[in-house]
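Take a look at the structure below.
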2 protein chains.
Amino acid sequence: MLDDDAARLQARGYRLTGPRRVIIAALRDAGRYCTASQLYERLRGRSVGLASVYRTLELLADLGLAERRAEAGGEGSFLYCSPRHHHHVVCTGCGTVREIDACPGDDLARAVERETDFRIDRHKLDFYGVCAGCRTTG
Amino acid sequence: MLDDDAARLQARGYRLTGPRRVIIAALRDAGRYCTASQLYERLRGRSVGLASVYRTLELLADLGLAERRAEAGGEGSFLYCSPRHHHHVVCTGCGTVREIDACPGDDLARAVERETDFRIDRHKLDFYGVCAGCRTTG
DNA sequence: AGTCGCATTGACATCGATTCTCAATACGCA
DNA sequence: TGCGTATTGAGAATCGATGTCAATGCGACT
């Protein structure tokens, strides 16, 4: 787990416990959306309870270190991500997710404000495609 | 319910039943994300079963006429939307959602392809802000 | 390094959303 | 209008997510 994450946890008064270290590391290393039970499986033998996985994922989402998504089957899944503004590219082949800097920017947000008379605060953008590895592998 | 929706259902071999008409109309008129039980409540007295609400929402999502989202509390919610390419503006005050034409376009997608070596197929963009009504109402 | 308070944990109970089951119904076609 | 079959409603069953609680261990303060 990154020092930055540890600092972020403790800045909010949370303790840096063993289970949290392990869960966060597993989510970060996965590099894709994971469900609580997937992480729980991956951590078998490390004596981490399923409830702690849920609690930690919830905590990360609250800290801005993870993003929650709706699974097709209704199961919730989480993606580790950095707290700065960024967007994602998701490989529809293998599920890998990468953060990107590309951003539509304020110009488009202002255009939307003119079109709708909303005051825009933030936006969320995801790209879907096929990564280099999945293209060559077939 | 719109004729276009009916055509789309039947083009895929699905029957245009009473419950489906009612559920689709309710979702469309809501103009925001709705959970199955919210729609079920709204249809009390019309003898529509909860299971049918779930089944119809699933069907709409499959037909591209509804978009699924993860609720904070884990409950799934659906938004009626048109099958053409579009994006959304969500009011963080009242929950109203409007479709917009504004789009980052292919230029940004190509920039992402250069940055990541992914082959981009599609993207999804949501704006969040406050609508005119919620600004004046406070 | 030792002690102590309290946040956190694991195991299991519980809750609640979603799906399954199945006989009854009604849509769409001839 | 009649028939075959997809669809329905009701309730059971499933399974993801959260609550409970005594035991544990993090970290602040000596």
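Chain letters run A, B, ... following the sequence lines, proteins first and then strands; every chain starts at 1.
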Requested in this report: Report yes if a donor N or O on one partner sits less than 3.5 Å from an acceptor N or O on the other, where the partners are the side chain of A:R55 and the base of D:dG19; otherwise report no.
Outcome: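 Side chain to base: no pair present.
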Output the rounded distance in Å from [atom1] ([X]) to [atom2] ([N]).
| X | N | atom1 | atom2 | answer |
| --- | --- | --- | --- | --- |
| B:Y40 | C:dG16 | OH | P | 16 Å |
| A:L57 | D:dG16 | CG | P | 15 Å |
| B:L59 | C:dT19 | CG | P | 13 Å |
| A:L16 | C:dC6 | CG | C1' | 17 Å |
| A:D62 | C:dT8 | CG | C1' | 16 Å |
| B:E75 | C:dC15 | CD | P | 17 Å |
| A:R20 | D:dG27 | CZ | P | 10 Å |
| B:L9 | D:dT8 | CG | P | 10 Å |

Requested in this report: May I ask you to check whether B:H85 and B:H123 place their ring centres under 6.0 Å from each other?
Outcome: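 Yes.
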Report task. Taking atom CZ of A:R32 as the centre, report whether more than 12 heavy atoms of other residues, nucleotides or ligands fall under 6.0 Å from it. Result ->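 Enclosed.
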Contact under 4.0 Å: [X] side-chain N or O vs [N] OP1/OP2:
| X | N | result |
| --- | --- | --- |
| B:Y54 | C:dT18 | yes |
| A:T17 | C:dT9 | yes |
| B:Q10 | C:dC27 | no |

Do any N or O atoms of the protein come closer than 3.5 Å to N or O atoms of nucleotides 2-5 of chain C, and which pairs are they?
{"residue": "C:dG5", "atom": "N2", "partner": "A:R15", "partner atom": "NH2", "Å": "2.9"}

Query raised in the report: Is NZ or CZ of A:R122 both nearer than 6.0 Å to the six-membered ring centre of B:Y128 and within 45° of the ring axis?
Result: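 Yes, a cation-pi geometry holds between A:R122 and B:Y128.
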Query raised in the report: Is it true that a side-chain atom of B:Q10 and a backbone atom of B:A7 form a donor plus acceptor pair closer than 3.5 Å?
Result: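 Not confirmed, B:Q10 side chain does not pair with B:A7 backbone.
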Query - Nearest atoms (heavy-atom pairs only) where B:R98 meets A:E115 - result: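 Taking B:R98 first and A:E115 second, the nearest heavy atoms are NH2-O, 3.7 Å.
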**Report entry** Closest heavy-atom pair and its distance - A:F78, A:L27
**Finding:**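 Between these two residues, the closest heavy atoms are O-CD1, 3.4 Å.
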[X] with [Y]: basic N within carboxylate O range, under 4.0 Å:
| X | Y | answer |
| --- | --- | --- |
| B:R69 | B:D126 | no |
| B:E99 | B:R84 | yes |
| A:D5 | A:R8 | no |

Query raised in the report: When you match B:P19 and B:A36 each to their closest nucleotide on DNA chain C, which lands nearer the 5' end?
Result: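 Closer to the 5' end of DNA chain C: B:A36.
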Report task. Name the residue closer to the 5' end of DNA chain C, choosing between A:G49 and B:L50 according to the nucleotide with the nearest heavy atom. Result ->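 The residue closer to the strand's 5' end, by nearest nucleotide, is A:G49.
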Report task. Report yes or no: do B:Y80 and B:L9 belong to one cluster of Ile/Leu/Val/Met/Phe/Trp/Tyr joined by side chain heavy-atom distances under 4.5 Å? Result ->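 Cluster IDs for B:Y80 and B:L9 match.
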Query raised in the report: So what does A:S47 touch, heavy atoms closer than 4.0 Å: a base, only the sugar-phosphate, or nothing?
Result: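 Sugar-phosphate: the residue A:S47, judged by heavy atoms under 4.0 Å, touches backbone atoms but no base.
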Heteroatom pairs (N/O) under 3.5 angstrom, protein to nucleotides 11-14 of chain D:
none

